[in-house]
Protein chains: 2
Amino acid sequence: MTRRITIHDVAQAAGVSVATVSKAINGRDGVAPSTMSHVMRVVDELGYESSLVATSMRRQRTGVIGVLVAEFEPFALQLLQGVSTALQGTEYDVLAYAGSISAGDHRGWERRSLSRLGGTLIDGAIVVTPTSTPPAASVPIVAIDPHEGPEWPSTVSVINTDGARAATEHLISLGHTRIGHLRGRTDLISARQREEGYRSALAAAGLPFDAALVADGGYRTADSTAGAHALLALADPPTAVFAANDLSALEMMRVAGERGLRVPDDLSVIGFDDIPEAASHVPQLSTVRQPLTEMGAAAVRVLLSMLAGGGREDVRMPAELRARRSTAAPSR
Amino acid sequence: MTRRITIHDVAQAAGVSVATVSKAINGRDGVAPSTMSHVMRVVDELGYESSLVATSMRRQRTGVIGVLVAEFEPFALQLLQGVSTALQGTEYDVLAYAGSISAGDHRGWERRSLSRLGGTLIDGAIVVTPTSTPPAASVPIVAIDPHEGPEWPSTVSVINTDGARAATEHLISLGHTRIGHLRGRTDLISARQREEGYRSALAAAGLPFDAALVADGGYRTADSTAGAHALLALADPPTAVFAANDLSALEMMRVAGERGLRVPDDLSVIGFDDIPEAASHVPQLSTVRQPLTEMGAAAVRVLLSMLAGGGREDVRMPAELRARRSTAAPSR
DNA sequence: CTGAAAGCGCTAACAT
DNA sequence: ATGTTAGCGCTTTCAG
């Protein structure tokens, strides 16, 4: 645990002032070529790198884009990959921050992260699935799949209703008539849209809506267990379930297995998102693909445009059915 | 783009000094209960959050663990997920930084990131597959799968030799006797260990080692094309190939297909890593699984121990064979 | 119990 | 061309 090498150490070793070192490093003019090269040699010898923190306190610009997430789960990670790839070759580094982990309450994590990092440290932010309305921010922001409407400066999201309808129609076309829905967090707009897509597909097919067939999954594995059990414990259980996201779909399948049901023979399950685990699970999970990588790239495009002075934008990406092995015709 | 709310704004609005606000926020004693509650009310009203940057300049401790990667690719993302999960419920937030994106050269990205963030901003770092020797650092560091030996303070890595031996033995047990190896970057220790595992499995089975059956793949798709062609163009080509990682295995299969060979009928291929793409490829790629999530969790455990004053550790995780569809008995 | 002042590492005026 | 100074937002002695 040696002490950090500071600009001060470099100045001292080079026999010049701190200001001169700063100018040399940042290529400002007003430094003699000989001094310049001497300073740079000392910098190399000492292995000096400026502290991001100190630099960002003084500068307005840091060259870092922040990706703010509640938690590093598969959905956010795929997005992060897209963001990172899209930022290759630009002058920006990526910094991803999961801010709600230590904070007691998940609510408002985005506001907290944004004000802790914004204005300093990051030049702009991409916020993944924020659940509250945006705070007054000091940097340009793009929200991906915001959960509370369009009040965010710029947004990138998938057309949830269409995707959910496609998933439900897929089950209907296989011959299912008792179709359950393991829904997402009902306080989130995406969950409401997905339920709406589910209902409209049922209605379009002339199937009745049965409130007993809708259980809560909360988009999370742990929160889905009870709902999955509840659906399967019904006197007249569903033969197919549309889960609001892949994590709850995977949990749905696990619970089905635990109860002695085979997927897809006894129960068809379809999810939403298409996280990597969906394709590698056995059986492979049928789902509705969100083009996460492309969404990350779109967010970057919009953010860079805002950084360059451009206005707000709302990007809507299509969701696409990915029928795989977890859905089949009902056996009864 | 409104201005950030600073501690100054809070002090002014509350009619107290900046120092008092700081004490109130951080629960230091020496603040009257009434002042305390008044200040906290103003903090809430204004939505103030302290700047991570400013705080970390003054404090030694920030409550943030840094995960430093060259780039957000699948391997690093899986690790990140493990780290993040393991950090749930602790007092630490996670900050992941990809530092080589804007930097021209990839070499030494870990040194750069470490000195830009260490000492300030992060209390400890988990560095993913660093390629150089460790710099003198100002915070505890754990290296995951370091590529240049054990000079890092603490390390977490997979037992490459055993994994490679298991992969080769799998091919031998299927009846193959002419087994090729598409090796990794020979400047990296993991690649050398994997080749060693391959050789020792051959030796243990009494099979001769043939240098012509070893080609370079460099761990990357683009670098594997030539080696894959070379192996298949031999007068007496291999009936099975152990590729040093999944990316080169996938390329091996692509090249085989291009040359009119079917996998696994005409050629068996096995990889290493078990990235998500391995399981979703058709045919599913047999491989050796690195327990990435568990490795991330192990890194957290070691780092937290070091942060609490514990000594260095080297954790070695077992790699596990995942036989899937790309390997079968030889047809000739 | 409260506030004034110093300083973390750095950059940007402003002297010299 | 170089150095001096001020200050970014915050925490921490140290006086009052």
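As the structure is a prediction and not an experimental result, all values here were calculated from the model.
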(message) Just the rounded figure in Å: distance from C1' of dC10(C) to CD of Glu49(A).
(response) 14 Å

Can you give me the N/O atom pairs linking the protein to nucleotides 14-16 of chain C at distances under 3.5 Å, or say none if there are none?
none

(request) Under 4.0 Å from any heavy atom of chain B: name the first and the last nucleotide of DNA chain D that qualifies, 5' to 3'. (result) dG9(D) to dT12(D)

(request) Tell me which of Gly30(B) and Met57(B) sits closer to the 5' end of DNA chain C, going by the nucleotide each one is nearest to. (result) Gly30(B)

(request) Return one dot-bracket line describing DNA chain C 5' to 3' (Watson-Crick or G-U wobble pairs, both distances under 3.5 Å; ( ) same strand, [ ] crossing, | another strand, . none). (result) ||||||||||||||||

(request) Looking at every strand, decide which applies to Ser50(A) at a 4.0 Å heavy-atom threshold: base, sugar-phosphate, or nothing. (result) sugar-phosphate

(message) Measure CD/Gln12(B) against C1'/dG3(C) and give the value in whole Å, please.
(response) 15 Å

(request) Hey, could you give me the OG/CH2 distance between Ser132(B) and Trp152(B), rounded to the nearest 0.5 Å? (result) 5.5 Å

(request) Compare all side-chain heavy atoms of Ile144(A) with those of Thr129(A) and state whether any distance is below 4.5 angstrom. (result) no

(message) Students often get this wrong, so: under 4.0 angstrom with heavy atoms, is Asn26(B) touching a base, only sugar-phosphate, or nothing?
(response) sugar-phosphate

(message) Counting only side-chain nitrogens and oxygens, does Thr35(B) get under 4.0 Å of the OP1 or OP2 atom of dT2(C)?
(response) yes

(message) Using the salt bridge (Lys or Arg N to Asp or Glu O under 4.0 Å) criterion, which residues pair with Asp273(A)? Sequence neighbours excluded.
(response) Arg194(A)

(request) Kindly indicate whether the side chain of Thr155(A), heavy atoms from C-beta on, has any atom under 4.5 Å from the side chain of Val315(A). (result) no

(request) State which residues pass side chain to side chain contact (heavy atoms under 4.5 Å, CB included) with Ala54(A); sequence neighbours excluded, sorted by chain then number. (result) Ser51(A), Met57(B)

(message) Can you measure Arg4(A) atom CZ to dC8(C) atom P for me and round it to whole angstrom units?
(response) 13 Å

(message) Quick one: does any side-chain atom of Arg4(A) pair with a main-chain N or O of Ser115(B) as donor and acceptor, under 3.5 Å?
(response) yes

(request) Tell me which of Gln60(B) and Ser17(A) sits closer to the 5' end of DNA chain D, going by the nucleotide each one is nearest to. (result) Ser17(A)

(message) Using only atom types and a distance under 3.5 Å, with no angle test, would you say the side chain of Asp123(A) pairs donor to acceptor with the backbone of Thr62(A)?
(response) yes

(request) Please check the phosphate of dA12(C) (OP1 and OP2 only) for any side-chain N or O of Arg28(A) closer than 4.0 Å. (result) yes

(request) Any chance you could measure Phe72(A), atom CZ, to Thr85(B), atom OG1, to the nearest 0.5 Å? (result) 10.5 Å

(message) Rounded to whole Å, how long is the line connecting atom CZ of Arg116(B) with atom P of dG9(C)?
(response) 16 Å

Distances under 3.5 Å only, N/O to N/O: pair up the protein atoms with those of nucleotides 5-7 of chain C.
residue : atom : partner  : partner atom : Å
dG7(C)  : N2   : Arg58(B) : NE           : 2.4

(message) Once rounded to the nearest 0.5 Å, what's the spacing between atom OG1 of Thr55(B) and atom CZ of Arg61(B)?
(response) 12.5 Å

(request) List the atom of Val64(A), the atom of Leu121(A), and the distance in Å for their closest heavy-atom pair. (result) CB-O, 3.6 Å

(request) Search all heavy atoms of Ser154(B) against all heavy atoms of Asp314(B) and return the closest pair with its distance. (result) C-OD1, 4.4 Å

(request) Nearest 0.5 Å please: distance from the CG atom of Leu52(A) over to the OH atom of Tyr97(B). (result) 5.0 Å

(request) Nearest 0.5 Å please: distance from the CD1 atom of Ile65(A) over to the CD atom of Glu91(A). (result) 9.0 Å

(request) Check the pair Ser190(A) / Tyr219(A) against side-chain hydrogen bond (donor to acceptor under 3.5 Å, both in side chains), numbers first and verdict last. (result) CA-CA 10 Å; Ser190(A) 64; Tyr219(A) 279 150; 2.7 Å; yes

(request) Report the distance from atom NE2 of His8(B) to atom C1' of dG3(C), rounded to the nearest whole Å. (result) 12 Å

(message) From CG of Asp29(B) over to P of dC1(C), roughly how many Å is that when rounded to an integer?
(response) 9 Å

(request) Please state how far atom NE2 in His38(B) lies from atom C1' in dT2(C), giving the value in whole angstrom units. (result) 15 Å

